[in-house]
Amino acid sequence: MASVISERAAALDGPRRVVVGVSGSIAAYKAPTIIRLLRQAGHEVKVVATQAALRFIGAPALAAVSGSAVSTGVFDDPAAVEHVATAEWADLVLVAPASADLLARVAAGRADDLLTATILTATAPVVLAPAMHTQMWLNPATVENVATLRRRGLKVIDPDSGRLTGSDSGLGRLPEPERVVAQALAVLTQEEAAGAAQVLSGRHVVVSAGGTREPIDPVRYLGNRSSGRQGVAMAAEAARLGARVTLVAANIEAEVLRDLPAQAEVVQVSTALELREAVRQAGQDADVIVMAAAVADYRPAQVRSSKIKKHTLDGQPAGSLTGERGMRIELVENPDVLAELVADPPRQDGRTLVVGFAAETGDGEGDVLAHGAAKARRKGADLLAVNAVGEHTGFGDVPNRVVVLDRVGEPVAEASGSKAEVARALVGLVAERLDARDGQTR
């Protein structure tokens, strides 16, 4: 079984020039470690610090770890026009930490110090790693600034939750240096790859993502914990590689969809039956269908037209001592969308590569991989990505690990890391399979 990606960002093919910006945050103490990790990976580093940053960490420390003098002010050497020279030198600009003030100034297009002037001049990718108090991160002004920056193409790394200044804890903590460096270099890898051959150019890729919701009454539903992040990452990666993308989105929050390229078509659905119809409709000319959505196996046989009240429940006693009553909901089975796509392809010539996902847990009858292999044989998809799920695994904004099986349940690849890293690996595998299939039919 081949491992198609590691937990670290894909290695670049040579050293790069990285400007590390440091702004005024207590998290500036992590900047030397970030610089050291970049240099250990073979990259050349130039540090640009704001005056506020130097109140938290001294220029000598930054110079020592970077191996060069720290630049701070626009007027340190006016004749050198340093912000232009620095921006032109850089292959990547990484600001860590990026304070709320720094985000606001960059969003406003300010260039009132060397760091913001460098960012405004740069044509290289810009990655911002925010660090601030939770209330500052969640303030509508910061939320709007981050959205503006992302819309303009800057990469903003989501902060971690954890211990903040003093006794406070919450969202806003600068991620650990290893994660910051990995994500920053991954952005650079993606940008450089974007200039390479668009291996999915001319292909139509349909991706389902999210979790379906089966209504009980106007306010209640049966659902699941899928956030849709992995499916959205798959759609974004396919678009990056040149594909025309249709995302069938089942109850995905807007903040998850923001990473999707503007050219991707989004079809909003809620229930399993709606998803089934939307996928089959979009799949009529699809080269690839990726079923990453968590589709409910069952739905209520009857959907009440008005809210069910407790005092009108047709319940039965649930406990003889307490007199508690239970509610009975009759369920009917939903169609198996993935199996249907294999048995009855929506594309008439049947030339659609079908990729399924299987979220599994181990039990007394077998482990995750055993259940996944049985499902692969039962469904018959070309590829089935199997991942373990649990309270802190698989679902949501957490790392993922999948083992990819073929239609007879044999492992053919594995992928691990962030949702984006897993998506790069899986979409790359899909592209290889398409090329191999087309080569056999020429």
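Here, residue 1 is the first one in the sequence, and each next residue gets the next number.
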How about [X] and [Y]: do any of their side-chain heavy atoms sit closer than 4.5 Å?
X	Y	answer
Val402	Val422	yes
Leu102	Arg105	yes
Leu369	Leu405	yes
Val427	Arg240	no
Arg39	Val65	no
Asp217	Ser306	no
Leu38	Leu185	yes
Ser66	Val20	no

Other residues, nucleotides and ligands only: do more than 12 of their heavy atoms fall within 6.0 Å of [atom1] on [X]?
X	atom1	answer
Gln268	CD	yes
Gln135	CD	no
Gln348	CD	no
Glu330	CD	no
Arg220	CZ	yes

Charged N-O contact under 4.0 Å between [X] and [Y]:
X	Y	answer
Glu265	Arg244	no
Asp438	Arg203	yes
Arg347	Asp285	no

What are the two closest non-hydrogen atoms of [X] and [Y], and how far apart are they?
X	Y	value
Ala124	Leu92	CB-N, 3.9 Å
Gly231	Leu247	O-CD1, 4.4 Å
Asp406	Ala376	O-CB, 3.6 Å
Ala370	Asp367	N-OD1, 2.8 Å
Gly211	Asn251	O-ND2, 2.8 Å
Leu188	Asp91	CD1-O, 3.4 Å

- [ ] Kindly indicate, with the supporting measurements, whether the criterion side-chain contact (heavy atoms from CB on, under 4.5 Å) is fulfilled by Lys30 and Val180.
- [x] CA-CA 10 Å; Lys30 294 183 179 180; Val180 172; over 6 Å; no
Open item on the list: Can you list everything that forms a side chain to side chain donor-acceptor pair (under 3.5 Å) with Glu253? Sequence neighbours excluded, please.
Closed with: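 Scan of Glu253 (side chain to side chain donor-acceptor pair (under 3.5 Å), adjacent residues dropped) gives none.
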- [ ] Tell me, please, which residues at least two apart from Asp336 pass side chain to side chain donor-acceptor pair (under 3.5 Å).
- [x]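 Asp336 satisfies side chain to side chain donor-acceptor pair (under 3.5 Å) with Lys379 once adjacent residues are dropped.
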Between [atom1] on residue [X] and [atom2] on residue [Y], distance to nearest 0.5 Å:
X	Y	atom1	atom2	value
Arg299	Leu222	CZ	CG	11.5 Å
Glu333	Asp297	CD	CG	7.5 Å
Met132	Leu103	CE	CG	4.5 Å
Thr123	Glu88	OG1	CD	8.0 Å
His133	Ser25	NE2	OG	12.0 Å
Arg151	Thr148	CZ	OG1	4.5 Å

- [ ] List the steps, then state whether salt bridge (charged side-chain N to carboxylate O under 4.0 Å, His left out) holds for Glu255 with Arg229.
- [x] CA-CA 10 Å; Glu255 65 95 10; Arg229 292 180 185 275; 2.7 Å; yes
Taking the side chain from [X] and the backbone from [Y], do they hold a donor-acceptor pair closer than 3.5 Å?
X	Y	answer
Glu214	Ala272	yes
Ser23	Pro97	yes
Asp344	Glu340	no
Thr142	Ala100	no
Arg152	Ala107	yes
Asp382	Leu353	no

Task: Candidate list Thr50, Ile119, Thr118, Val106, test side chain to side chain contact (heavy atoms under 4.5 Å, CB included), partner Val95, passing option - done: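 Going through Thr50, Ile119, Thr118, Val106 one by one, the side chain to side chain contact (heavy atoms under 4.5 Å, CB included) with Val95 is satisfied by Ile119 alone.
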- [ ] Using side chain to side chain contact (heavy atoms under 4.5 Å, CB included) as the criterion, point out the one residue from Thr352, Ile289, Val354 that pairs with Val342.
- [x]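 Considering Thr352, Ile289, Val354, a side chain to side chain contact (heavy atoms under 4.5 Å, CB included) with Val342 is found only for Val354.
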TODO: Report the C-alpha separation of Arg280 and Leu341 in whole Å, then their side-chain angles, then the decisive distance to 0.1 Å, and conclude whether the side-chain contact (heavy atoms from CB on, under 4.5 Å) test is met.
DONE: CA-CA 8 Å; Arg280 295 195 67 83; Leu341 291 170; 4.0 Å; yes
Task: Working for side-chain contact (heavy atoms from CB on, under 4.5 Å), residues Arg163 and Arg173 - done: CA-CA 7 Å; Arg163 186 68 178 268; Arg173 179 183 175 89; 4.1 Å; yes
Task: The single option from Arg179, Lys419, Arg258 passing salt bridge (Lys or Arg N to Asp or Glu O under 4.0 Å) against Asp158 - done: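 So the option named by the test is Arg258.
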TODO: Please step through side-chain contact (heavy atoms from CB on, under 4.5 Å) for the pair Val412 and Arg433, ending with a clear verdict.
DONE: CA-CA 11 Å; Val412 295; Arg433 288 297 177 103; 3.8 Å; yes
